Undergrad: 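Sharing a structure below in structure tokens format, with a few things to ask.
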Amino acid sequence: MTWGMFVMIAPMKTIQTDVLVCGGGCAGIAAALSSARNGAQTLLIERAGFSGGIITTVGLPYFDGLIDKPSGRFVVKGIALELLQRLGIAKPGAKSIDDLPPELVTKYWGSMWIPNVEHFKVLTDELILQHSEKLKVLYHSVACDVEVKEGRVAAVIIANKDGLTRVEAKQVIDCTGDGDIAHWADCPTISSKPLMPLTLHFRIGNVVPVKETKDAAKKVLIEAHKEGRLVNFYGPGLIFAFAKDECYVHATRVPADATNAADFTRAEIQGRKDAWTIFNEWKAKVPGFENSYYIMSGPYIGVRDTRRIVGLNVLTLEDLRKTTRHDDAVATGCWFLDIHPPEVSVDKPFTGSGFQPKPYDISYRTLVPQKVSNLLVAGRCHSASSEASASSRVTATAMALGEAAGCAAALAMKSKNEVGTLDGVKVRETLAKQNAGPFSEA
Ligand SMILES: Cc1cc2nc3c(=O)[nH]c(=O)nc-3n(C[C@H](O)[C@H](O)[C@H](O)COP(=O)(O)OP(=O)(O)OC[C@H]3O[C@@H](n4cnc5c(N)ncnc54)[C@H](O)[C@@H]3O)c2cc1C
């Protein structure tokens, strides 16, 4: 309201909670459930209209980091394994790749996938609602700023159809993938140089694969690139994951900085254009695609790599090589160094050695940023060097880190402590009682 030269700004609505989880992706959904189950009043906010992160916002069905490739044993249990059980994929007591349906695993990669990402949306909704006494969710809600006072995140500002709201949380968990909260709170962060590219995933139906399909698909992409119709790609980048006649394509590659709004927008547009080009090239020229149709692309282009915090401990390649043990380990990583180059690559999606570590410890302190005492950062933006994060960024590992963060935030509430000064050994002990790891030793 305006009176003469005075402008009255209505005070922003404020809500309060014990624990606020920003981002409901792989780390965030586990963090929110874990925080609520451990007794803290928890609010989860997510910019999409559903939880699941990469699994549902991009459509990627893989649970990598679950299985130690050489031995086949699970090194992540807890909520990640519970989700697989609730999806009807893992039986109770499942311990290794041999306990999973053979049609959903690739032993060569130590990898497994879920058959339907829509089921994952419904399941995460159900779990959130089952915990409604302790856990509230706001979808279509974006964290957009923070207030920092005396070394604490005093409030996170969220934007949604209610307008702007201040959320005052005693403990905050940043699971935005991009370390948004940590960055706005001025905690030190780093990013890889170069950043890994973004990829829009899409699906093509009514494909009748024949022996020549994959080779021809690759050849067509190489030609389209040479002739200037496709600037960048990984090829062939097609998988028959969901059905025998449906190919799931991860061949687009868009170099961009997804923490820059304009560049992120450009990448989304470029990814969409490239996916459409790839579909049309294959439909016109690849045996098996003659009668195919474009089903859909994921709701968002997938972001592999942006900021990571420089926390109280930094997971490094040396730690992976030496399998450094930590008393305050709260999760186990095991995926290979999966570094996607921002330029064209064929046959193998990753660059570099592809080093396969033995199951390694991830310290609680990789979740603890510098400078603020009531913030944890879980998922791909936890504290790790570029190389180490190429392993620790994957989905099941992110879930384990999220579960640890949620457990820690609830413990901090119970002990009237802050997550930044909490003893990680106590978090580990609590996780162990909940069969949530770490499981670095066989
Ligand atoms: C194209 C691509 C392919 C990949 N392939 C694989 C693979 O095959 N296997 C594998 O295991 N891993 C793969 N990964 C890596 C893996 O998916 C991620 O590293 C993992 O999802 C990390 O989990 P996260 O919770 O940190 O992030 P995400 O799962 O991305 O979750 C982040 C969530 O935060 C939300 N969010 C972001 N900012 C805000 C905000 N400001 N406010 C509110 N909400 C916000 C997002 O909408 C999202 O739901 C791939 C990644 C990409 C991009």
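What you see below is based on every heavy atom in this structure, not just the backbone, and it leaves out hydrogens, waters and symmetry mates. When a ligand or atom number is given, it counts from 1 through the structure's own listing order. What you see is a predicted model; the values in this text were computed from it and never measured.
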Undergrad: Does any N/O atom on Val142 come nearer than 3.5 Å to any N/O atom on ligand 1?
TA: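 Val142 vs ligand 1: no N/O contact under 3.5 Å.
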Undergrad: Would you please indicate yes or no on a ring centroid separation below 6.0 angstrom for Phe74 and Phe439?
TA: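 Not close enough - the centres of the two rings lie 6.0 Å or further apart.
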Undergrad: How does Ser111 reach ligand 1, by side chain, by backbone, by both or by neither, if only non-hydrogen atoms under 4.0 Å count?
TA: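 No part of Ser111 comes within reach of ligand 1.
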Undergrad: Regarding Asp338 and Arg393, does a basic nitrogen lie under 4.0 Å from an acidic carboxylate oxygen?
TA: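 Yes.
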Undergrad: Tell me the closest heavy-atom pair linking Tyr364 and Gly424, and the distance in Å.
TA: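 Result for this residue pair: CD2-CA, 3.6 Å.
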Undergrad: Any idea which atoms of ligand 1 are less than 4.0 Å away from a heavy-atom of Gly25?
TA: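 Close to Gly25: 25 (O), 29 (O), 31 (O), 33 (C), 49 (O).
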Undergrad: Between Asn232 and Gln270, do the side chains contain an N or O donor and an N or O acceptor separated by less than 3.5 Å?
TA: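 Note: Asn232 and Gln270 side chains miss the donor-acceptor criterion.
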Undergrad: Relative to the heavy atoms of Val303, which atoms of ligand 1 are at a distance of less than 4.0 Å?
TA: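 Matching atoms, with element in brackets: 53 (C).
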Undergrad: Give the atom numbers and elements of ligand 1 that come within less than 4.0 Å of a heavy atom of Ala398.
TA: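 Taking each heavy atom of Ala398 in turn, ligand 1 has 22 (C), 23 (O) under 4.0 Å.
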Undergrad: Suppose we measure from atom 27 (O) of ligand 1 to each protein heavy atom; which comes out shortest, and what is that distance?
TA: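 Looking only at protein heavy atoms, the one closest to atom 27 (O) of ligand 1 is Gly177 CA, 4.3 Å.
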Undergrad: For Gly302, counting its heavy atoms only, list the atoms of ligand 1 lying under 4.0 Å from any of them.
TA: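 Going through ligand 1 atom by atom, the ones under 4.0 Å from Gly302 are 53 (C).
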Undergrad: Any luck finding a side-chain donor-acceptor pair between Asp274 and Thr277 under 3.5 Å?
TA: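 No.
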Undergrad: Out of all atoms in ligand 1, which are within 4.0 Å of some heavy atom of Thr199? Include the element for each.
TA: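 So the atoms of ligand 1 that pass are 1 (C).
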Undergrad: Going by an N to O cut-off under 4.0 Å, is there a salt bridge joining Asp305 and Arg308?
TA: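 Judged by the 4.0 Å cut-off on N to carboxylate O distance, Asp305 and Arg308 do form a salt bridge.
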Undergrad: Please name all residues satisfying ring-ring contact (aromatic ring centres under 6.0 Å, His included) with Phe63, sequence neighbours left out, ordered by chain then number.
TA: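 Testing Phe63 for ring-ring contact (aromatic ring centres under 6.0 Å, His included), a comparison that skips the adjacent residues, returns none.
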Undergrad: When only distance counts, is Asp180 in polar contact with ligand 1, meaning an N/O pair under 3.5 Å?
TA: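 Yes.
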Undergrad: Going by the angle between their ring planes, with limits at 30° and 60°, are Tyr62 and Tyr248 parallel, tilted or perpendicular?
TA: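 Rings of Tyr62 and Tyr248: tilted, as their planes differ by 30° to 60°.
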Undergrad: Looking at non-hydrogen atoms alone, which of Asp64, Thr395, Leu44 comes nearest to atom 7 (C) of ligand 1?
TA: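 Closest candidate by heavy-atom distance is Asp64.
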Undergrad: What is the minimum heavy-atom distance between Ala80 and Met399, and which atoms define it?
TA: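 Nearest heavy atoms, Ala80 then Met399: CB-SD, 3.7 Å.
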Undergrad: Enter the distance from Ile278:CD1 to Lys273:NZ here, rounded to the nearest 0.5 Å.
TA: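 Answer rounded to 0.5 Å: 11.5 Å.
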Undergrad: Among Ile190, Asp257, Leu195, Asp180, which residue meets the side-chain contact (heavy atoms from CB on, under 4.5 Å) test with Arg307?
TA: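 The residue from Ile190, Asp257, Leu195, Asp180 that satisfies side-chain contact (heavy atoms from CB on, under 4.5 Å) with Arg307 turns out to be Asp180.
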Undergrad: Ignoring hydrogens, just give me the one of His201, Arg393, His250, His140 whose non-hydrogen atom is nearest atom 14 (N) of ligand 1.
TA: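 That would be Arg393.
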Undergrad: Tell me whether Val58 has any N or O atom under 3.5 angstrom from an N or O of ligand 1.
TA: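 It does not: no N or O of Val58 is found under 3.5 Å from an N or O of ligand 1.
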Undergrad: Among all protein heavy atoms in this structure, tell me which lies nearest to atom 42 (N) of ligand 1, with the distance rounded to 0.1 Å.
TA: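 Looking only at protein heavy atoms, the one closest to atom 42 (N) of ligand 1 is Ala143 N, 2.9 Å.
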Undergrad: Which residue holds the protein heavy atom closest to atom 36 (N) of ligand 1, what is that atom called, and what is the gap in Å?
TA: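 Looking only at protein heavy atoms, the one closest to atom 36 (N) of ligand 1 is Arg47 NE, 3.9 Å.
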Undergrad: Would you list the pairs meeting salt bridge (charged side-chain N to carboxylate O under 4.0 Å, His left out) in which at least one residue belongs to residues 345-358, sequence neighbours left out?
TA: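 Every salt bridge (charged side-chain N to carboxylate O under 4.0 Å, His left out) pair that includes a residue of residues 345-358, provided the two are not neighbours, is Lys218-Asp347.
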Undergrad: Less than 4.0 angstrom from a charged side-chain N to a carboxylate O is my criterion; do Glu318 and Arg321 meet it?
TA: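 Here Glu318 does not pair with Arg321 in a salt bridge, since their nearest N and O are not under 4.0 Å apart.
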Undergrad: Does Ala48 reach ligand 1 with a nitrogen or oxygen that is under 3.5 Å from one of the ligand's nitrogen or oxygen atoms?
TA: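 In fact, backbone or side chain, Ala48 has no N or O that close.
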Undergrad: Just to confirm my output: which protein heavy-atom neighbour is closest to atom 32 (C) of ligand 1, and how far is it?
TA: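 In this structure, atom 32 (C) of ligand 1 has Cys175 O, 3.5 Å as its nearest protein heavy atom.
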Undergrad: Is the gap between the ring centers of Phe336 and Trp109 under 6.0 Å?
TA: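 Between Phe336 and Trp109, the centre distance is under 6.0 Å.
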Undergrad: Counting only heavy atoms, which portion of Leu60 has something under 4.0 Å from ligand 1: side chain, backbone, both, or neither?
TA: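 Only the side chain of Leu60 comes within reach of ligand 1.
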Undergrad: Number the atoms of ligand 1 from 1 as they appear, then name those within less than 4.0 Å of a heavy atom of Val394, with their elements.
TA: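 With Val394 as reference, the close atoms of ligand 1 come out as 10 (C), 11 (O), 12 (N).
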Undergrad: Nearest protein heavy atom to atom 26 (O) of ligand 1, by residue and atom, and its distance?
TA: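 So the nearest neighbour among protein heavy atoms is Arg380 N, 2.9 Å.
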Undergrad: Counting from 1, what ligand 1 atoms have a heavy atom of Ser141 closer than 4.0 Å?
TA: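 The atoms of ligand 1 under 4.0 Å from a heavy atom of Ser141 are 43 (C).
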Undergrad: Need the ligand 1 atom indices (1-based, order shown) with element for anything under 4.0 Å from a heavy-atom of Ala27.
TA: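 That gives atoms 25 (O) of ligand 1.
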Undergrad: Does an N or O anywhere in Ile54 fall below 3.5 Å from an N or O of ligand 1?
TA: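 It does: an N or O of Ile54 is found under 3.5 Å from an N or O of ligand 1.
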Undergrad: Could you tell me whether Thr176 approaches ligand 1 through its side chain, its backbone, both or neither, with non-hydrogen atoms closer than 4.0 Å?
TA: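 Both backbone and side chain.
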Undergrad: What's the shortest distance from atom 35 (C) of ligand 1 to any protein heavy atom, and which residue and atom give it?
TA: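 That would be Glu46 OE1, 3.2 Å.
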Undergrad: Would you mind telling me if ligand 1 is within reach of the side chain of Ala396, the backbone, both or neither, using heavy atoms under 4.0 Å?
TA: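 For Ala396, no heavy atom sits under 4.0 Å from ligand 1.
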Undergrad: With a 4.0 Å cut-off, would you call Arg86 and Glu126 a salt bridge?
TA: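 Salt bridge flag = no for Glu126 with Arg86.
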